[in-house]
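Have a look at the structure below, then the notes.
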Amino acid sequence: MAEESAIFRLEGVTKTYGGVTALRDVSLSVSGNEYISLLGPSGSGKSTLLRVIAGFETPDRGRVFFNGRDITNIPAHERGIGFVFQNFALFPHLTVYDNVAFGLANGEKQVSRDEIDRRVREAIGLVGLAGMEGRGVHQISGGQKQRVALARTLVMAPSLVLLDEPLGALDANLRNRMRNELRSIRETLGVTFLHVTGSETEALAMGDRVVVLDRGRIAQFAKPDDVYAKPATPNVAHFLNRYNVFDGTLKDKTFTGPFGSLAVSATTPSDKSAYAVRYDRMQVEPDGSKGSGPAIPATFVASEYLGSSVMYFFETAEGKVIEVEHHLSLGAPKTYEPKSRYMLRWKPDDAIVFG
Amino acid sequence: MESRVLKPVLAVYVVLFILFLYGPFFVLGILSFQQGPEGGPQFPIIEWSTYWYRHIFGLTPPSRVAPLPLGESLFRSLTLAFMTMVTSTVLGVMSAQAFRKKFTGSGLVFYLIVLGMMVPGVLTGLGTSLLANNILGIERHWWSTAFVTHVVYTFPFAFLVMLAILNRFDGSVEEAAWSLGVSPWKTFRKVTFPLIFPGVLSAMLFAFTLSYDEFSRTLFASGRDQTLPLAIYGTFSVEIHPNVFAFGVLTTVFSFALLSVYAILMSLSVRRAKKIAMQEDIV
Amino acid sequence: MSVADTAPRPRKSNTWWLIAPGAIWMALFLVAPIALIVYVSFWTQTTFKIEPTLTLTSWKTFFGSDTYISSLFTTLRIWLIVLVTTFVIGYPTALFVGLFIKNKTLSTVLLVICVIPFWTSFLIRVLAWRPMLGKEGAINIILQKAGIISQPIEALLFTELSVIIGMTQIYVVFMVGPIAFMLGRIDPNIIEAARDLGAGFGRIFRKIIFPLSLPGVVVGAIFVSVMVLGEFATAAALSGRKVNLLGNIIVTQVGSLKWALASVVGVILTIVMGLVIAGFLRIVDLKREL
């Protein structure tokens, strides 16, 4: 990607909090009009990364560019980058209208009363809160609060909006509805969203591209289907919550793990050796079956019905839990005997080998 | 089992304890209605009267008991308390705001500020008098040297109140304001200050009442013109009359009036918050 | 781009601008004056003026005078007695408010009742003891009416006793508050568990309740000590000038413009207080406890 088209760019950003490194040498470049998901477990530094871009934190090293300008030393209020908080952070002493009007009315730039009114009503309409202008922000529901927070940010017409787990405080139903709305609002306005989340489904569903952060480093930056199908590291595979990841050693094109030694054809370069098989690529066979391909014996523990699929939980002799997903489109769910042994088998081509 | 015996015993004890705390006040209150001008500051009550209250306001014919020199000293005390309140609260808010970020030497500065409420008035009073009298060579006044020692005394209280308030303050609303392009100073004025205002009110109340009643520092540092506590102290050395008691009742009433205003202001803001919370439940 | 260019500047901080006014105020009007007391205690005092020629004369005067030495001992004696009385009188109240009252509202109400007297003038509170303790005061009248005594007790007012009574009443609340606070934080389950193990109240008190309330006792003791050691008004109003504390000496000396001697007493007072506070802080590590 040409750097001129990048809306924001990080160069070697490092941030340490009292000896703990939150971000290590992070470089990232994002173009305009894009929805970026930032996925990482808690403590991976994802919120820190967002706060560095917003200007709430100063990096120890590295630089931040926005619209071609070096903003590393520019204070937050002069950056023109929107920020949406998990806890909404609405101004509790102001009405919905005044919350949305706050930036226009109190900013450095003078905006006429008429223009403020027009833009505020437009933004409130955009997030579907028309008629609620006069309410206090304590008088509205959680989903409405996050809409106010969004309108408050969007009314400033930023070209980049940072969202810090914006749906984290909402219940599951509302979260699904808000996902669609966030996407459509972003597409209407053509702004870039950088959306931090700890939920792999949210990250994959919403992002045009997904950044996976692991212990302060970017582990992968790719389209959702690429991340899903080809995780770059064992940890990414683990975060996705779709892979059974086995530890082991890779030597001379042979992977030795809990299932014995297997010859492998293709490997993904990684600093850690691991063997990953997607949940839905595993077959359950009766104990002692002599099929072809790699397999591991395991004891059935429990199953969980998910609507379009069923998850089966098995446990190996070493106590490792293995999950097997059965899509209901492939046939009716099977029943297994708890505490009985089964053989879990997969095709060698479906495995991703790191090392 | 023992607590079944112990609890009522302790309850009776606490009643006696409260009697111990309040007893002198009742006696003082009763004696303030002593007959005047002949009635002295002791029992028995010759005849109930409001003579000594009228005496304070100069509504009685002149007698051998000189009226308390209250008018000007009351004015000075109120002015001084007001000046102290404003200065201490501003300093308290600023310092507490600074303490929201970690900075080198914060521990030292914390103790430096808190020391002001720990050091007894005789010492700060004496020290400030030495500074004014023997180093700077300036005259001491209630509005200069005494004011300075009052702030040294009340600023730590305002600081601690604001520190407690700001500790519970969620900084993300401020970050939200910055991200909307609003400068830190304007953010403080439009977001932070309105939200911490109940705390500011408490800090002001502390500073005002402490200064209004301050005595030992003022004794050293105020020079010739007396504040109200000094005027009362002046009556200690000469014979006391029930007019001092009547005055004690009046200042107590005044303090409670002040406290009530504060309580009403606070309960109004609490009730507003409650009303909002209730509406939230409805939605 | 060189390495120096890529190092971000630390954000310009306004912390110093916020903290400077308060810190400077305290340095100029608290630290400097107290340092000055030490300095002036070595100045040369003549009848009419004082000069910055360093001398030990005032110190010798202090330690050569029975009056001043005895005032030091009076101060220490009264401090110790008031410390004990505030503790003995205050602890049961704190025990009741902090531990026995389970209802939060009621314990708050009781604490507020204890604090309310502070909203009246300190001097009025002192003065209120006069009609209480006097020869024709309320206590003597009540005792006589009750037939306990036939002659009024004259030793009640204008003695050391009246000073101690007055100070105890004024400062006992500073003991009650911190102790009640610490007692209120005790997990009731601990006491319940001890009771289940068959421990009586006396044992539970000695082994659990008192040790856990100790930080509160220390904080209360520090409050009371600092205030009693710096006292002079109560002694002046209730002792009829018979009890002279270090504070009273300072007031008199400043009144007669004997700055150097007043400063000597000030330094001694500061040292005494420093020792007392340091001593209390050795008993309990407050930073860990609170």
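By convention in this document, chain letters (A, B, ...) are assigned in the order of the sequence lines, proteins followed by strands, and residues within each chain are numbered from 1. Everything numeric here is computed off the predicted structure, so don't read it as measured data.
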Side chains of B:Glu214 and C:Phe122, heavy atoms from C-beta outward: is any pair under 4.5 Å?
no

Using non-hydrogen atoms and a 4.5 Å limit, figure out which bit of C:Val265 sits close to chain B: side chain, backbone, both or neither.
neither

Residue pair C:Trp259 / B:Leu130, side-chain heavy-atom distance below 4.5 Å:
yes

How about B:Phe215 and C:Phe232: are their ring centres within less than 6.0 Å of each other?
yes

Could you please spell out the steps behind the side chain to side chain contact (heavy atoms under 4.5 Å, CB included) verdict for B:Val122 and C:Glu231?
CA-CA 8 Å; B:Val122 256; C:Glu231 255 277 17; over 6 Å; no

Sidechain-backbone polar pair: B:Tyr212 side chain, C:Ser121 backbone, donor-acceptor under 3.5 Å
no

Tell me, for C:Ile50 versus chain B, whether the close heavy atoms (under 4.5 Å) come from the side chain, the backbone, both or neither.
side chain

Return the OG1 to CD1 distance between B:Thr252 and C:Ile124, rounded to the nearest 0.5 Å.
6.5 Å

Is it the backbone or the side chain of C:Val267 that comes under 4.5 Å from a heavy atom of chain B, or both, or neither?
neither

With respect to chain B, which residue among C:Ile101, C:Ile116, C:Val40 yields the maximal number of heavy-atom pairs within a distance under 4.5 Å?
C:Ile116

Does any non-hydrogen side-chain atom of C:Leu30 lie less than 4.5 Å from one of B:Thr149?
no

Would you check if the side chain of B:Tyr233 reaches a backbone N or O of C:Ala233 as a donor-acceptor pair within less than 3.5 Å?
no

Side-chain (B:Lys7) to main-chain (C:Phe100) donor-acceptor, under 3.5 angstrom:
yes

Between C:Arg130 and B:Leu31, is the side chain to side chain contact (heavy atoms under 4.5 Å, CB included) condition met? List the steps.
CA-CA 11 Å; C:Arg130 286 224 197 157; B:Leu31 283 176; over 6 Å; no

With a 4.5 angstrom heavy-atom cut-off, is it the side chain or the backbone of C:Val254 that approaches chain B, or both, or neither?
side chain

If you define the side chain from C-beta out and look only at heavy atoms, does anything of C:Ile19 sit under 4.5 Å from B:Phe99?
yes

B:Met94 versus C:Trp17: any side-chain heavy-atom pair under 4.5 Å?
no

Side-chain heavy atoms of C:Leu110 within contact of B:Ile18, under 4.5 Å
yes

Sub-4.5 Å side-chain heavy-atom contact between B:Leu21 and C:Gln169:
yes

Which atoms of C:Ile141 are under 4.5 Å from chain B, going by heavy atoms: the side chain, the backbone, both sets, or neither?
side chain

Any non-hydrogen side-chain atom of C:Cys114 less than 4.5 Å from a side-chain atom of B:Phe17?
yes

When the 4.5 angstrom heavy-atom criterion is applied to C:Val172 and chain B, the contacting part is side chain

The interface call for C:Val97 against chain B, heavy-atom contacts under 4.5 Å, is neither

Between B:Thr87, B:Leu28, B:Val14, B:Leu10, who has the most heavy-atom pairs with chain C when the cutoff is under 4.5 Å?
B:Leu10

Go through the steps to decide whether C:Asn14 and B:Trp185 satisfy the test side chain to side chain contact (heavy atoms under 4.5 Å, CB included), and finish with yes or no.
CA-CA 11 Å; C:Asn14 54 11; B:Trp185 169 236; over 6 Å; no

